[in-house]
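First the proteins, then the strands, lettered A, B, ... as listed; each starts at 1. Computed over heavy atoms, backbone and side chain alike; hydrogens, waters and symmetry mates excluded.
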There are 2 protein chains.
Amino acid sequence: MANLSISRPFPLKNVRITDDFWSAYIRLVRNVVVPYQWEALNDRIEGAEPSHAMKNFKISAGLEQGEFYGMVFQDSDVAKWLEAVSYLLETGQDPELERLADEVITIIAKAQHKDGYLNTYFTLKEPNGRWTNLAECHELYCAGHLIEAAVAYYKATGKRTILDVACRLADCVNEVFGPGEGQIHGYDGHQEIELALVKLYQTTNNDNYLRLSLYFLDERGKEPSFFEQELHRRNGQVHFPDLDMVHDRTYNQAHLPVRLQQTAEGHAVRVVYMCSGMADVAAETGDQELLEACRRLWTNIVSKRMYITGAIGSMAQGESFTLDYDLPNDTAYAETCASIGLIFFAQRMLQMEAKSEYADIMEQALYNTVISGMSQDGKRFFYVNPLEVWPDAILKNHHMSHVKPVRQGWFGCACCPPNIARLLASLGQYIYTSQGNTVYTNLYIGSQITLDIEGQQVSIDQHSEFPWNGNVRFIIQVTEKTTFTLALRIPKWCTETKLTVQGIPVQLDEQVRDGYVYITREWQSNDSVELNLHMQVSRMKGHPHVRETIGKVALQCGPLVYCLEETDNGAGLHQIVLEPQDEHRKQFDHELLGGIQTISVPAKRIRSDDWEQKWGEHLYIANASHEWETINATFIPYYAWANRGQGEMSVWVKEK
Amino acid sequence: MANLSISRPFPLKNVRITDDFWSAYIRLVRNVVVPYQWEALNDRIEGAEPSHAMKNFKISAGLEQGEFYGMVFQDSDVAKWLEAVSYLLETGQDPELERLADEVITIIAKAQHKDGYLNTYFTLKEPNGRWTNLAECHELYCAGHLIEAAVAYYKATGKRTILDVACRLADCVNEVFGPGEGQIHGYDGHQEIELALVKLYQTTNNDNYLRLSLYFLDERGKEPSFFEQELHRRNGQVHFPDLDMVHDRTYNQAHLPVRLQQTAEGHAVRVVYMCSGMADVAAETGDQELLEACRRLWTNIVSKRMYITGAIGSMAQGESFTLDYDLPNDTAYAETCASIGLIFFAQRMLQMEAKSEYADIMEQALYNTVISGMSQDGKRFFYVNPLEVWPDAILKNHHMSHVKPVRQGWFGCACCPPNIARLLASLGQYIYTSQGNTVYTNLYIGSQITLDIEGQQVSIDQHSEFPWNGNVRFIIQVTEKTTFTLALRIPKWCTETKLTVQGIPVQLDEQVRDGYVYITREWQSNDSVELNLHMQVSRMKGHPHVRETIGKVALQCGPLVYCLEETDNGAGLHQIVLEPQDEHRKQFDHELLGGIQTISVPAKRIRSDDWEQKWGEHLYIANASHEWETINATFIPYYAWANRGQGEMSVWVKEK
């Protein structure tokens, strides 16, 4: 099979982010998140549950004495940290950080066994248990994260130590798993190695890794169940007795071969990591059946199982998808990592098919759920990103006990914070992709890229006022006049677009294909493109099958979804009803929450203070009439919620 | 302390129910439920989990070999069955049933230890564990149910065997528990014995039982925690490891002394059983502080924590109350037993305070949640009575996994079916109470009572068309002209009442006190009273603090709350919006569900079938307009739902 014609992101080192909005986040990752996480990995955060992740590696490396502590997948936290560090190093020199990373790499390398095996849990705790509990113990998942980190570090620094470690580990895995006799015919409970192996293949050109990735994908869901067979082989021993990772086949997407799956089932992060791997393999091999399965799962997720914030996973049990159109706002799981995984999946689909719908969802998840996942000081995180919160009920009603009304310091299962860090540190990879002579602009993030088109060096300067304003300007620099195509995404949220090239208006209708406008010309230095994506406030309505959004609207302006908070609107947000299509007053407040736009909307509110006086101490009254008061409802961007203490929040608001 | 001036129910044998609606239920209890339960208790129901309850008694009595099986409170199922049988015998002879009951009593008596102790779980399984795990093991709870059954059987038949068993058991408990040295200073995890001991006191006049009841009430919530102390004494051994019955003090209302409790917290059934016991003791002793606590908890429940169906318990975890105004419709627990307990509580409050609000709630719980708990063939039961059901989501979303979309055959924890049986079999106790020369009519249920007023025999014939029509007629028979007061409840749902005595209209305003109209006169035989309680269809609205009812209405007509079912209205009930205060067409359908009134209301429905065609495969659309279709929404009484297969159901419906 030949690989598909795909557009690729640019090497991170060729992308410099100069964006007002995002530069602050990336600085936060560099100056706060990554250093904070380093402290966490070394158990130096007061009050937080110790991570022990670095200690596990040191003990495995023979550098310290002690026992393994932490989750079975604790290793992956170090790998994700190292991956984030790699992206930071690729986009900006930092000898001190690089020295630290080298030290970590030395330790990791020492913890590797002679045969390439590398996993501190099994090394320290179950030395005879290697590869006996794939369903639960995340061995290949941890390997995948190590491989991703290794590829990133190699790309950033050119140093091979950790890449060699990763290759030896992948070779070890390749020997143990496969269709051959004496090999384990299995796959991991938590998908991750599939996409990592494709990265390693792309970096090393070693076909084995691509083949192994495909093998893992196609083993999943075969009958008889591999997880049940290995459970039998280990005499029924389970690692997480409270969960049922072995028999609940949808939990880890082992209910059907991946090519036959019609709907996104089970653990949401696993689904999107799996889909990312499927898309990677499809792109590299041209496997149309796999691509078709990707398209099908993508469509199922985004058209039936995704929150308006780009969040996925409707329930806490199994951190899972549930069924089409089941999107409860208050009991949502909506894990930060799942939206990050959705971005991974979107980016890969986008590389194969230049359709704006993929980038739209990438943007939706990024500007809403992903950055909602982190506090504005970079020190506190949401694992769960609900769309409606009543803090008193969270405390008392178990249905919401997985929801936190404010961001938490560090988690025992600390997957989300380092995932946010690695995504933001590598954000430059998501802005552009290129294929042949076409450069696709997928995200409007102020940045400078340099690229090579038919031997000519081209640089594109993007100036963006996103997410507050849809004015975007591109300035092109070329060494010589060069013909190429600049493709610009027209977001679905935008209904009024203006485009000029060198000041001359471009008629959009003819030039737009699949949500991108294509501008082909012979470019000269200082050529400019001005794009105005008008950011009106839209009242978003949900599909009538969604029970939790019917009769309600969500406000969206540009890529940002907005919400009501108690601190601006008082308690009892459910009593607020918007007048249909009333005026929306936008105001930018530089002082508020790091500088945000608020939207003020005239609304009515059902009064509750006079109920007892009017009706007595009764819960239910026949033909009761409500008293209404006129108010201004103040909306803030969803990502900024819960940064001013604990209170109610709601994305969906009733409309008359 | 002197006892309060209280009104008493009549002995069941003096009440004969002749009601169209309720006679059918009572016949069902006699002919189906009680025989079916007897089969269940003897493990003869095919496909149902074996109960083993009778076997446990037989083995304990030395009549059979074997081991204990079942829940730790399995004994109580037999006791509740026996209690129901007693009520049936008191209201109608049945020598065969009485013979069966006598056999059961013989077995129970043989299972009793010499010292009066009686509990098959501890006898068979933990003979050295008596009274070591009150928090979890329901020992006193089972004793309480046995006492209730014994009192009922003695009243019905005059036979003392089981009453003597109960007294010996109560004497045993009275020796073991109390403030004295060497006694256990404790109380049961699940309240029940408190109210049972008052019944035993009322039957035997033995003060010890009343004192012990008060003792148990006042021990609860003392510091240090008795449950923690006994946990420590048994070295941390727990019976239900998945629950935390010891440390979660609100679960069993041990968070505060009962006199200080302000809100209904924890396990809903326990709360109302406790309150019933508190009210009993208050009535017998005149303890005003206890009465005040009852009033406070009553008000908290009915004005802040009760569903419109008279159901209580907002969450499955701990089968518990949560917080004020938290009344989710789809994840409700709303256990049948809890509404039965609320009726117990209401009846006791009513006896102390002749206020219609108590009888109103009694009626609300009875006509809605209690009979919703049983299928129309008497063979299937709801434990949980939700107010909104989406069956597909129940299967897939764990938040609803405690909800069943159709009634189930028999439960491993079979508390609800026998509780329904004993309530319906004793329904005659809830219709009237009397105090001095006043006879209170609390429920409008066709019946004949005979009573003695100042030496004169009086009989009252009530003819009622409830719940379909508010016409009620009373015919009085007296041996001689007798002066007494007939007090008739004016339900809160009724806004138009007509009353005639001997055909002469009575002006109500002057005669109504606390929701009862008092008619005092010298009655002659064949005197008639005609009461017309107009049953209009009311649109009920919830308190604006209730998030799940805001913007919605529930239809109520007379005591019945109505609901929409998928079978009448198609799937997607959330898409239906009622026009405000439109016409309600009532129709009685003799063929439907045993004969019910339906209510048809013109409404609009958001169309969902054209969404994809109009907006494409998208979940969220900016400024989307919905297409509406005009429909007739058909409501059926809530109690009758889920008798025509599985489908959506909703009590609360949007209103424009």
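- For the residue pair B:Gln317/A:His399, the side-chain donor-acceptor check at 3.5 Å is not satisfied.
- Interface residue A:Tyr325: backbone and side-chain heavy atoms are both found under 4.5 Å from chain B.
- For chain B, no part of A:Gln556 is nearby; none of its heavy atoms comes within less than 4.5 Å.
- To the nearest 0.5 Å, the span separating CH2 on B:Trp615 from NE2 on A:His543 amounts to 12.0 Å.
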**Study point:** Check against side-chain hydrogen bond (donor to acceptor under 3.5 Å, both in side chains), B:His574 and A:Glu548
**Key:** CA-CA 9 Å; B:His574 64 288; A:Glu548 294 79 4; over 6 Å; no

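- If you measure heavy-atom distances from B:Pro580 to chain A, you find no contacts under 4.5 Å at all.
- When heavy atoms are compared at a cutoff of 4.5 Å, A:Leu327 approaches chain B solely by way of its side chain, counted from C-beta outward.
- Interface remark: A:Glu357 contributes no atoms to any contact with chain B (heavy atom separation under 4.5 Å).
- In this structure, chain A has no heavy atom under 4.5 Å from any part of B:Ser401.
- Heavy-atom distances place both the backbone and the side chain of A:Val546 under 4.5 Å from chain B.
- Only the side chain of B:Lys492 comes within contact range of chain A, judged by heavy atoms closer than 4.5 Å.
- Your options are B:Thr322, B:Ile606, B:Leu619, and the one with the most heavy-atom pairs under 4.5 Å with chain A is B:Leu619.
- No salt bridge links B:Arg547 with A:Glu388; every basic N to acidic carboxylate O contact stays at or beyond 4.0 Å.
- Among A:Asp326, A:Leu323, A:Asp324, A:Thr250, the one residue that satisfies the side-chain contact (heavy atoms from CB on, under 4.5 Å) test with B:Lys396 is A:Leu323.
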